[in-house]
Amino acid sequence: MTKKLDILLLGAGGREHALLKKLAESPQAGRLYVTPGNGGMLQLAQRAPISQDSPSEVATWAAENNIDMVVVGPEAPLVEGVADAVRARGIACFGPNARAAQMEGSKEFAKQVMARAGVPTASYRSFKDRAAAEEYVRAIAGPCVVKADGLAAGKGVIVAGSTEEALDGVAQCFDGAFGEAGKTIVVEEMLVGPECSLLALTDGTTVVPLATSQDHKRAYDGDEGPNTGGMGVYSPVPEHLVSREDLVTMVDVMERVVAQLKSEGITYSGCLYGGFMLTEQGPKVLEFNARFGDPETQVVLPRMHADLVEVFLACDKGTLDAASIAWDDDWAVSVVLASAGYPGAYESGKVIQGIDEASAQPGVTVYHAGTSIADDGSLRTAGGRVLDVTAVAPTFVEARERAYAACELIDFEGKQFRTDIGARAL
Ligand code: AMP
Ligand code: GLY
């Protein structure tokens, strides 16, 4: 029998709950720890009493507790250098080192790598000087996109329909709305088309594309309202939206970027997330993330047949070429149940009911995002995005019906969700 591996997973969202469930299914999974975790994750794993964003705390705790592999869910610990610190202790880590994580940590860095790799993306200029940026958006005299260079928890992007909005975006960045992240800004050409995400696993040499998926970033039906972390997602994206040719281009982009980084002495190992706009000229990159997508992971992993512990270790060890990953023909749809008010201010601590009934429906899995277990043992809301109700089925229509039927079985005060997830796929 192979030795079981003790694993520490960092993160607290629906993405991490999905990763944890899949890791727990592996015959190689030993003791499982999480930090900070959520109400669902803490039913499968123990909480490690450390901060996920501190490289030294994570690496020291992992070493002292004989952890065999650390899996990093969100971007912030990667950019802080958690993977470097963990590997320096001789412990396997799933997730890129700090230099490679600059693909998400700095939009300017990512743009430069894309240019050197010859990857299609929006044309852009970067600025450290406010007056120069203002002059540039005035010269564009129309729609453009203003982005804070650094990590801004998904908020540092202003899609500006007019010069006025663009100037306002520039002002927000330089006035400190995104802190240090906005000290350098990127102004890009506005791209038009449907969006498509492609996640890929890589060990720095081999690139294994996972299934395509489509997120829904706006808060309300019909893509109205403010941007959110994502209100729902489905996978795969059908051929009438992403042609075979588009997919070939997207996979080529992922391979080129990993190869370009390698040629510059940067080994990217972990998950590389490509966010694409399907324009009339073909797919163009909107952004890269240095981690799995949330909620994309919640529809990609349920369709994947693989031993995730083995696959993650192979990414770390540089042996991904030998890994075996297969896919279900099923479709997956996930609907986010959010707290009233999200993405603005919302209340927490509401009692959640009906998860067991929902989970008992065929093909349904409920991933926890913002939940916690109260002192009285009840499950409570503890975040903006509360649950990801995911269903798989042989057809897209059935998967969608199952997900929405399950959403009706779950109840908490202020429950809010989009009713049109996947409408484009129909
Ligand atoms: P990002 O965090 O860079 O993915 O940006 C968040 C969202 O802003 C994307 O999912 C797009 O909807 C939008 N966006 C980003 N860049 C552009 C662009 N160049 N043109 C149009 N929309 C964009
Ligand atoms: N779903 C968007 C993201 O993970 O960044």
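Values reported hereafter were calculated over all heavy atoms of this structure, with side chains retained and with hydrogens, waters and symmetry mates removed. Both counts, for ligands and for their atoms, begin at 1 and track the order of listing.
Between Y404 and F417, the ring planes are tilted. Angles from 30° to 60° get that label. Classified by interplanar angle (parallel below 30°, tilted 30° to 60°, perpendicular above 60°), the ring pair F292/F312 is tilted.
A side-chain N or O of E296 and one of Y273 form a donor-acceptor pair less than 3.5 Å apart.
Here the protein heavy atom with the shortest distance to atom 2 (C) of ligand 2 is Y273 OH, 3.4 Å. If you check which protein heavy atom lies closest to atom 5 (O) of ligand 2, you get R291 NH2, 2.9 Å.
Within the listing of ligand 2, atoms 1 (N) sit less than 4.0 angstrom from a heavy atom of G229. The E296 neighbourhood of ligand 2 comprises atoms 1 (N), 2 (C), 4 (O), with distances under 4.0 Å to a heavy atom of that residue. Residue-ligand proximity, D215 to ligand 2, at heavy-atom distances under 4.0 Å covers atoms 1 (N), 2 (C). Within the listing of ligand 2, atoms 5 (O) sit less than 4.0 angstrom from a heavy atom of N289.
Counting heavy atoms under 4.0 Å from ligand 2, residue V233 does not touch it at all. Using a 4.0 Å cut-off between heavy atoms, E195 contacts ligand 1 through its side chain alone, with no backbone atom that close. Of all the heavy atoms of R15, none lies under 4.0 Å from any atom of ligand 2, so neither backbone nor side chain is involved.
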- prompt: Going through the distances and angles, do F127 and Y136 end up as a ring-ring contact (aromatic ring centres under 6.0 Å, His included)?
  reply: CA-CA 9 Å; F127 298 93; Y136 184 66; 5.3 Å; yes
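The shortest separation from a heavy atom of K284 to ligand 1 is not under 4.0 Å, leaving the residue out of contact. In this structure, G293 counts as a contact residue of ligand 2, since one of its heavy atoms falls inside 4.0 Å of the ligand. For S197, the closest heavy-atom approach to ligand 2 does not fall below 4.0 Å.
Ion pairing between a basic and an acidic side chain is recognised when a charged N comes within 4.0 Å of a carboxylate O; E287 and K147 show no such pairing. A salt bridge does not link D388 with R15: none of the charged nitrogens is closer than 4.0 Å to a carboxylate oxygen.
Using a distance-only test at 3.5 Å, with no hydrogens or angles considered, a donor-acceptor pair links the side chain of D149 to the main chain of E108. When atom types are taken as modelled, the side chain of T395 and the backbone of E398 share a donor-acceptor pair closer than 3.5 angstrom.
The shortest distance between side-chain heavy atoms of R87 and S269 falls below 4.5 Å. You'll find the side chain of V364 stays beyond 4.5 Å of the side chain of T390, heavy atoms only.
Nearest to atom 2 (O) of ligand 1 by heavy-atom distance, out of K217, M190, E287, R218, is E287. For atom 21 (C) of ligand 1, the candidate residues are V187, N227, L191; the nearest heavy-atom contact is made by L191. Between the choices V186, V157, V285, V146, the shortest heavy-atom distance to atom 8 (O) of ligand 1 belongs to V157.
Backbone and side-chain nitrogen or oxygen atoms of E287 are examined, and none is located within less than 3.5 angstrom of a nitrogen or oxygen of ligand 2.
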